[in-house]
Number of protein chains: 2
Amino acid sequence: MTAGPAEDTRTRLLHTALRLFTEHGVEGTSLQMIADALGITKAAVYYHFKTKAELTEAVAEPGIRDLDELVLRAGAQKRRGAQVDLLLEGFVDLVVRHRTLVALFSSDPGLIRAIEKSAHGGMEGFGQALLGILSGPAPDTTSRVNAMVALTGIAMAGGSPDLASLDDEELRTELLDVGRRLLGRPRRRTHLPVSTL
Amino acid sequence: MTAGPAEDTRTRLLHTALRLFTEHGVEGTSLQMIADALGITKAAVYYHFKTKAELTEAVAEPGIRDLDELVLRAGAQKRRGAQVDLLLEGFVDLVVRHRTLVALFSSDPGLIRAIEKSAHGGMEGFGQALLGILSGPAPDTTSRVNAMVALTGIAMAGGSPDLASLDDEELRTELLDVGRRLLGRPRRRTHLPVSTL
DNA sequence: GTCTATACCAAGATAGAC
DNA sequence: GTCTATCTTGGTATAGAC
C-alpha cells in the first residue's frame, strides 16, 4: 500500500470515525472523542476535514459511490425482471460489503443530515431510485410496501449485531433469499459455489 | 396522576418535542428550539423535565408501554402459532397507531440512547423479546433473518413518509400481509377480534 | 504540510431570584 | 412556574509552532 504520512492520519480518522459512529451514532460522537481515540487534538481533525459534516460524508462515500453505480447499472437493463434481479443482488452485495455503514444509512438521522448538506445532494434520491426500480412503473400499494420492506429490512438486518457472526456468504444467501421472496422473484442458488464440501 | 394546571405546559412540551424530533431527529433538536416553539425559555423546560433524556423518554413512553403489554400478551399464548399471530397483529396495530414514533424507535440512535439510560432499561430487551417470539426457540438462521426483516421492515415502512397518505386500515392490511408472508403464516384478509385477556 | 493553542458561540445543565 | 446567570462541553475558526 503506497500511503504517505498524510494519508495515514486521514485514513485512521475515517476508520475511527466509522467505528465510533456505529457505536454512538453520528451526533452522539464528538470530534473530541475521535481526536482522543487517535491521540490528537480536535484542531488536527479540522486540518483534514473542514467540518464534521465533511468528515461524515467522507466516511459514507464508499457506500454512496457503490449505490450510485448500482442504480446506474440496474437502470441500464432492458427487461424489468433483469432490473429487479440485478438491483436486488447488487444491493445485497453492497449491504454485505459495507455492513455497518449501510445500517448507519438506514438508521442515523445525523448521517443523513450531514450528507444532505454536502455535494451529493442527499440520500433521498437513492431511496427513491431503488424503490422505483424495485416496485416498477405505476406500482400498486402492495408492490410499494413489499419493495420498502425488502430494502429497509435487508439493510437493517444486514447491519444488525445479531447477524454479525454470519460470514459473508451465509449472510448474502439469506438476504437474497428473503428479498426474492418479498419481490416475487424466482429463487435460485447464489452465484458460484466456492467449494462443494 | 393528579391533573393540574402544570399538565398543560407539560403536554404541549410532549407534543412539540415529538413533532420536532420527527423533523430534525432527537439530537438534531435542541431544547432551545422546543422552548422557542412554545415561547418559553430553556430553563422552563428543565422545570418539567430534569434532563433532555427524560423528556425524550416521556415522548416515547406511550409506544413503550404498548410494546411492553404486547410482549406480555403474546408470551402468554400457549401455542406458538398463536404467539406469532398475536405478536404480528399487535405489532402492526402498534406501528399504525404510533406511526411517527415507531419510525423514530427504529431509526434514531438519539432516542435509543436516551431510553437506555433511563428506567426502562433500554429497548434492546424489546427487540430481543419480539425476535425471540417470532423466530421461536432454537431458530435456524433463515428464521432469524425472516423475523428481523419482518420487524424492521414493518416498522420502517409504517413510519415512512412515502406511505403517510395511506389510511390506517389500508396500511394495516398491507403490513399484516407482508408480515404473514415473511413469517410463513396463513394469510387472512379480515380483522380478527383481538383475544380478550 | 501537519499539527497545537486558543478563543468563540450554541447547547445541555444547574442555582437561585422573582 | 418561569426567568437570569453561569458552567461545561461540542462544533468551528484562526494564528502560529515545527
Side-chain angles (χ1 to χ4, degrees), chain A residues 2-21 23-60 108-118, chain B residues 1-21 23-60 108-119:
Chain A
T2 57
E7 289 218 330
D8 215 52
T9 303
R10 198 191 140 94
T11 304
R12 284 167 66 218
L13 267 170
L14 292 176
H15 286 144
T16 304
L18 175 55
R19 182 170 55 79
L20 293 176
F21 285 172
E23 274 176 51
H24 310 288
V26 171
E27 314 215 271
T29 303
S30 71
L31 296 181
Q32 192 65 61
M33 290 187 210
I34 300 175
D36 288 350
L38 290 178
I40 61 181
T41 64
K42 264 203 301 182
V45 177
Y46 271 91
Y47 171 73
H48 295 277
F49 301 95
K50 264 194 267 300
T51 64
K52 185 184 181 181
E54 198 179 278
L55 165 61
T56 308
E57 201 202 347
V59 168
D108 197 320
L111 211 241
I112 310 297
R113 263 197 307 284
I115 293 172
E116 241 153 43
K117 301 289 179 63
S118 289
Chain B
M1 288 298 207
T2 55
E7 289 222 325
D8 211 56
T9 303
R10 199 191 140 92
T11 304
R12 286 167 64 219
L13 269 170
L14 291 176
H15 286 143
T16 304
L18 176 55
R19 182 171 56 79
L20 293 175
F21 285 172
E23 274 175 51
H24 310 287
V26 171
E27 314 215 272
T29 303
S30 70
L31 295 183
Q32 191 65 59
M33 291 187 209
I34 300 174
D36 287 351
L38 290 178
I40 60 181
T41 64
K42 263 200 305 181
V45 176
Y46 275 93
Y47 172 75
H48 295 277
F49 299 96
K50 265 194 270 298
T51 65
K52 186 183 181 182
E54 200 178 276
L55 165 61
T56 307
E57 200 201 349
V59 168
D108 197 321
L111 212 241
I112 310 297
R113 264 196 308 283
I115 294 172
E116 241 154 44
K117 301 289 179 61
S118 290

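Chain identifiers are assigned alphabetically (A, B, ...) following the order of the sequence lines, protein sequences preceding nucleic acid strands; residue numbering begins at 1 within each chain.
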task: Would you please name every residue forming a side-chain hydrogen bond (donor to acceptor under 3.5 Å, both in side chains) with Q32(A), sequence neighbours left out?
output: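 If we apply the side-chain hydrogen bond (donor to acceptor under 3.5 Å, both in side chains) test to Q32(A), skipping adjacent residues, the hits are D36(A).
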Nucleotide [N], atom [atom2] - distance to [atom1] of [X] in whole Å:
X: Q32(A); N: dT8(D); atom1: CD; atom2: C1'; result: 12 Å
X: F49(B); N: dG12(C); atom1: CZ; atom2: P; result: 15 Å
X: K50(B); N: dA15(C); atom1: NZ; atom2: C1'; result: 15 Å
X: L55(B); N: dA11(C); atom1: CG; atom2: P; result: 16 Å
X: R12(B); N: dG1(D); atom1: CZ; atom2: C1'; result: 13 Å
X: L38(A); N: dC3(C); atom1: CG; atom2: P; result: 10 Å
X: I34(B); N: dA13(C); atom1: CD1; atom2: C1'; result: 14 Å
X: D36(A); N: dT9(D); atom1: CG; atom2: P; result: 12 Å

Please determine, for the side chain of [X], which listed nucleotide ([options]) has the closest atom?
X: H48(B); options: dT2(D), dC3(C), dA11(C); value: dT2(D)
X: L31(B); options: dA13(D), dG12(C), dA15(C); value: dG12(C)
X: Y46(A); options: dA13(C), dG11(D), dA13(D); value: dG11(D)
X: A44(A); options: dC3(D), dG12(C), dT4(C); value: dT4(C)

Any side-chain N or O of [X] under 4.0 Å from OP1/OP2 of [N]?
X: T9(A); N: dC3(C); result: yes
X: Y47(A); N: dC3(C); result: no
X: T41(B); N: dT2(D); result: no

task: Determine the minimum heavy-atom distance between E54(A) and H48(A), stating which atoms define it.
output: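 Looking at all heavy atoms of both residues, the closest pair is OE2-O, 4.4 Å.
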query: Which distance, rounded to the nearest 0.5 Å, do you find between the CG of L55(A) and the CZ of R10(A)?
result: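 So the gap between those two atoms works out to 9.0 Å.
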- request: With DNA chain C as reference, determine whether M33(B) or G39(A) sits nearer its 5' end, using the nearest nucleotide of each.
  value: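 The residue closer to the strand's 5' end, by nearest nucleotide, is G39(A).
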- prompt: If we only count heavy atoms from C-beta on, is the L20(A) to T16(A) side-chain gap below 4.5 Å?
  reply: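 Yes; the side chains approach each other to less than 4.5 Å.
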- prompt: Hey, are the side chains of F21(A) and T56(A) touching, using non-hydrogen atoms and a 4.5 Å cut-off?
  reply: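 Contact flag for F21(A)/T56(A) side chains = yes.
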- prompt: Counting only distance, no hydrogens or angles, is the base of dG11(D) paired donor-acceptor with the side chain of K42(A) under 3.5 Å?
  reply: yes
